[in-house]
Amino acid sequence: MSLPLSPAPFPLARPRRLRAAPWVRSLVAETALTPADLIWPLIVHDGAEARVPVPSMPGVFRLSPSEAARAAVQARDLGIPLVALFPNVDAATKDAVGTGATDPDGLIPDCIKAIKDAAPEIGVMCDVALDCYTDHGHDGVVENGRILNDASLERLAEQAFIQAHAGADVVAPSDMMDGRVQAIREALEANGFHDTLILSYAAKYASAFYGPYRDAVGSAAMLSGDKQTYQMSFANSDEALREVAMDIAEGADAVMVKPGMPYLDIVRRVSETFRVPTFAYQVSGEYAMIQAAVANGWLDRDRAMIETLTAFKRAGCAGVLTYFAPEAAKLLGR
Ligand code: PBG
C-alpha cells in the first residue's frame, strides 16, 4: 500500500494547519504514550542496605526486597502495570552453574513474595538467565570456555519454574540459548503453570549498551570474554525475524527487541510481520546516555524521556521497559 505524500498541492494542502495549535496537534496525534505502556526494571540486592545508588545510572538504586515492594506500590499508584526484577547477589555465592538461580528461597522469590504482599494488583516479571549468578558472568553453563546450549536449557527451565512457583506472572528469558522458550514452556505446563506468560527476549543483540546494567547487577567484573556466540550481531535484521518466529512457535506469548533506540527498525519489522505483542527495552546504556547529557545541561530530561518513549510506541511497541518508568508515569499522569 502506498500513501500519497500530500493529498493535494500547495496551497490547497498546508500541512502546518494540522500543527497550528495544541488542540489540533493532540486531536491528530497518531500515537499516545500512557503509564500503561511502561514496564519498570528494578535492580534488587541481597545486601544489608535498603537502597544503594548505581553510579553509572543516576536515579537508579539497588533495592532490598522491602524497598522493591515499596517501589511496586509506587508503580501501581502511578498506573504502571508491570515491574521486572534483576538480581544483584553476593559475589561469594556465585558459581559455575549459577546455583543461586534455582534457589527457591533466594533473592528473587523473596522479592516476588514481598511485592505480591504489598501490591497484589501489579504484575511481576523475572529475568530468566544465569549471568547474575555465575562466577563467569555468562547466561548459560560454561565448559572449557564454551557456553553449552542444551545443558543450559535444563537450568533455565528450572529457574523459570522456581520463579513461577514463587508467584511470577511473566518469565522473560534473556539468555538467547536455542530452544529455551520450548524448554521453559514444557516445564511450566508440566507443573500446572498454564497461565504464566513468557515474554521472550527474542531479538537480543550483543551490545555495548548493557555496560551500566552489568555494573548494577555485578556481572561486569565476572564476565570472561563476550556474549557474541549467543547474542545477535548488530549487523543483522532478517535473523531477528527467524529468532522471533522460533520463539512464537515454541510458546512465547510476547516478544522483545533489545536494545531499544538503535533497533527501532527491528521493532517495526517484528511488529508488522508477526502481529504479536512486541516490546522493546530502553537499556541501561541508553538511560545512562540521556542522564549524562542531562547532568551536563545538554538535554532536557523530561522532553528527551517522553520523545524517546513515544518513538517506541510509534515504531510498533505494545510497551517499553525503561528505567524512566516512574518519572515518565508521573509526567504523563499530570
Ligand atoms: C542478561 C541481561 C542483560 C540485560 C538484562 N538481562 C545484559 C546482558 O546480556 O549482559 C541488560 C539490561 C540493561 O542493559 O538495561 N541476562
Side-chain angles (χ1 to χ4, degrees), residues 38-44 54-63 82-89 94 98 100-102 107-108 125-142 147 152-153 155-156 159-160 163 168 170-177 180-181 184 198-234 243 255-263 279-292 308-309 312 320-325:
L38 304 174
I39 303 173
W40 185 10
L42 301 176
I43 313 282
V44 296
V54 178
S56 53
M57 301 175 71
V60 173
F61 296 80
R62 296 179 185 137
L63 307 173
L82 183 63
V83 294
L85 305 179
F86 298 92
N88 175 310
V89 300
K94 299 186 183 185
T102 49
L107 172 63
I108 291 294
M125 174 162 119
C126 295
D127 201 57
V128 182
L130 303 181
D131 57 326
C132 295
Y133 302 97
T134 52
D135 56 12
H136 45 68
H138 282 290
D139 294 29
V141 175
V142 176
I147 295 89
S152 301
L153 298 184
R155 301 280 307 129
L156 296 163
Q159 181 183 22
Q163 293 167 347
V170 186
V171 294
S174 71
D175 55 283
M176 287 298 277
M177 297 300 127
R180 78 272 169 76
V181 172
I184 291 167
I198 299 178
L199 169 49
S200 93
Y201 289 68
K204 176 170 176 178
Y205 289 83
S207 173
F209 290 98
Y210 307 148
Y213 165 91
R214 291 182 190 168
D215 291 336
V217 298
S219 68
M222 302 277 169
L223 187 60
S224 55
D226 60 42
K227 300 190 176 184
Q228 292 188 75
T229 68
Y230 47 107
Q231 298 179 348
M232 285 178 52
S233 162
F234 50 73
E243 283 280 4
V255 296
M256 197 197 305
V257 173
K258 177 183 176 189
M261 281 158 53
Y263 295 85
F279 293 82
Y281 199 148
Q282 185 178 48
V283 298
S284 57
E286 302 173 52
Y287 176 84
M289 281 196 302
I290 294 172
Q291 290 290 53
T308 57
L309 295 174
F312 285 99
V320 192
L321 282 95
T322 175
Y323 300 94
F324 285 123

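These numbers come from the heavy atoms of this one structure, side chains and all, not from hydrogens, waters or symmetry mates. We count ligands from 1, going down the list as the structure has it; atoms in each ligand are counted the same way.
- In the vicinity of Asp127, heavy-atom distances shorter than 4.0 Å reach the ligand 1 atoms 6 (N), 16 (N).
- Taking every non-hydrogen atom of Asp139 and a distance limit under 4.0 Å, the qualifying atoms of ligand 1 come out as 1 (C), 16 (N).
- The 12-atom threshold is not exceeded at CZ of Phe234, counting heavy atoms of other residues, nucleotides or ligands nearer than 6.0 Å.
- Ligand 1 lies within reach of Tyr281, whose nearest heavy atom is under 4.0 Å from it.
- A salt bridge does not link Asp175 to Lys204: none of the charged side-chain nitrogens sits closer than 4.0 Å to a carboxylate oxygen.
- Near Gln231, meaning under 4.0 Å from any of its heavy atoms, are these atoms of ligand 1: 8 (C), 9 (O).
- Looking at Glu286, its side chain does come within 3.5 Å of a backbone N or O of Gly260 through a donor-acceptor pair.
- Comparing heavy-atom distances from atom 7 (C) of ligand 1 across Tyr213, Phe86, Tyr323 singles out Tyr213 as nearest.
- Listed by atom number, the atoms of ligand 1 under 4.0 Å from Lys258 heavy atoms are 2 (C), 3 (C), 4 (C), 5 (C), 6 (N), 11 (C), 12 (C).
- Looking only at protein heavy atoms, the nearest one to atom 14 (O) of ligand 1 is Ser284 OG, 2.7 Å.
- Here the shortest heavy-atom pairing between Ser284 and Pro212 reads OG-CD, 3.6 Å.
- Nearest to atom 16 (N) of ligand 1 among the protein's heavy atoms is Ser174 OG, 2.7 Å.
- When Asp131, Val217, Thr322 are ranked by how near their heavy atoms come to atom 1 (C) of ligand 1, first place goes to Asp131.
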key: Full working for side-chain contact (heavy atoms from CB on, under 4.5 Å) between Thr134 and Lys94   = CA-CA 5 Å; Thr134 52; Lys94 299 186 183 185; 5.9 Å; no

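- In terms of protein heavy-atom proximity, atom 2 (C) of ligand 1 is closest to Lys204 NZ, 3.2 Å.
- Two residues are said to be in side-chain contact when any heavy atoms from C-beta on lie closer than 4.5 Å; Phe312 and Met261 meet this criterion.
- Remark: minimum distance from atom 8 (C) of ligand 1 to any protein heavy atom is reached at Lys227 NZ, 3.3 Å.
- The only option from Trp40, Tyr281, Tyr210, Phe324 that meets the ring pair (Phe, Tyr, Trp, His ring centres under 6.0 Å) definition with Tyr287 turns out to be Phe324.
- Counting the atoms of ligand 1 from 1 in the order shown, those under 4.0 Å from a heavy atom of Ala129 are 16 (N).
- Atom-to-atom distance recorded for Leu223:CG and Asp135:CG is 11.5 Å, nearest 0.5 angstrom.
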